[in-house]
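Numbers here are sequence positions counted from 1. All figures in this text were calculated on a predicted structure; none of them were measured in a lab. When a ligand or atom number is given, it counts from 1 through the structure's own listing order.
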Amino acid sequence: RKASGNANNPNHDLCDFLLELADYERNVSKNVYKYNAYRKAAETLNTLTERVKSGEEAKKLPGIGVKIAKKIDEFLQTGKLQKLENIKKDENNVAISLLARVSGIGPAKAKELVDVGIKTLEDLKKHQDKLTHHQKLGLKYFDDFEKKIPRAEIAQIEKILKTAIKKLNNSYLVTICGSYRRGKEESGDIDVLVTHPNYTSKTKNEKKKAVSLKTIVECLEEKQLITDTISLGSTKFMGVCRLSEDKSKPYRRLDIRLTFYDHYYCAVLYFTGSDLFNKNVRAHALEKKYTLNEYALKRLTVEGCPGEPEKITCEEDVFKILDLPYKDPKDRNM
Ligand code: DCP
Ligand code: MG
Ligand code: MN
């Protein structure tokens, strides 16, 4: 089960129960606020090198308040959490959590399925007519998609990707973002960003056609790296890949986004994350009267309307304009 993703983390059991609570809040209670709070606490514990001794001690850490500290104490003293035990007594809760782990099935769909009596992966296999193409692939690759991707494997995939794409056109820029760029030893999926200097928000349509995500995807299919397509639009590919030289390797989730050159570094910043880090930067931007998204950084007028995009030629530009000290990707894990 995908959890803290760091087996030698001295607090991995604490991280696991916090992430289980987070899952429950997202999938069953639909409380995004609590979901984020549990995730932040787990992320904090995930970065420690020492075992937490008590809730009191944990409370001094960022993102851990009285309530979570109490739960940590209960877990340290009893080895379990009554709240979690109670949640698990309801088999529908367990079923919703399970189905929501299938790629493409969200909490609402999971509940819908459980309401009509579909509660296991076996049930799902028998009712594939109720699933979208994405959800069918999620079910097919359920076990593989739960496995974390070791850094070394992403590095291999990166090499193949970059070589293939640059062969199409040497001016393509390719960055693998997500947790990989933040230096994590393991990732849940592979997030690729691609741009080309001739592909900007100002480029005329005829010229844009020379740069094509479809061509990139077809090329990677030919190289037998991409094995399935979940969806393919003009700027976003969602799919599945596997290192072809080793058929024992799991299938992996791969996302590729084609972005305009002038949006590239805002996109790199956004897709590098973490999502909690992004939230903090966006909140800081608003305080500085700017609005930041995956496309652009814009100054807000007195009326609060976004103005023209700032010229961004690297990630550092964003930090500079927002008066933030530059943070290396490896320091953006929360
Ligand atoms: N992102 C975000 N807010 C979201 C979802 C994503 O800001 N709600 C951004 C930050 C993420 C990046 O997109 O780091 C990639 O999303 P992933 O879900 O792939 O997350 P990670 O790559 O960080 O982690 P994982 O190893 O689980 O893939
Ligand atoms: Mg990712
Ligand atoms: Mn992703």
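- Annotation for ligand 1: atoms under 4.0 Å from non-hydrogen atoms of Phe271 are 12 (C), 13 (O), 14 (O), 15 (C).
- Around the Mg ion (ligand 2), the protein atoms of type N, O or S that sit closer than 2.8 Å are Asp189 OD1, Asp191 OD2.
- Around the Mn ion (ligand 3), the protein contributes the following N, O or S atoms under 2.8 Å, ordered by chain and number: Asp189 OD2, Asp191 OD1.
- Thr175 and Tyr264 share a side-chain donor-acceptor pair at under 3.5 Å.
- Atoms of ligand 1 lying under 4.0 Å from any heavy atom of Arg182, numbered from 1 in the order shown and given with element: 14 (O), 23 (O).
- Atoms of ligand 1 found under 4.0 Å from any heavy atom of Thr272, numbered from 1 in the order shown, are 14 (O).
- Less than 4.0 angstrom separates some heavy atom of Asp191 from each of these atoms of ligand 1: 15 (C), 19 (O), 22 (O).
- Phe145 does not carry Arg252 over the face of its six-membered ring by the limits of under 6.0 Å from the centre and within 45° of the normal.
- Within ligand 1, the atoms closer than 4.0 Å to a non-hydrogen atom of Gly178 are 22 (O), numbered from 1 in the order shown.
- Asn92 and Lys119 share a side-chain donor-acceptor pair at under 3.5 Å.
- Counting atoms of ligand 1 from 1 in the listed order, those under 4.0 Å from a heavy atom of Asn278 are 2 (C), 7 (O), 9 (C), 10 (C).
- Atom-to-atom distance recorded for Asn36:CG and Glu43:CD is 12.0 Å, nearest 0.5 angstrom.
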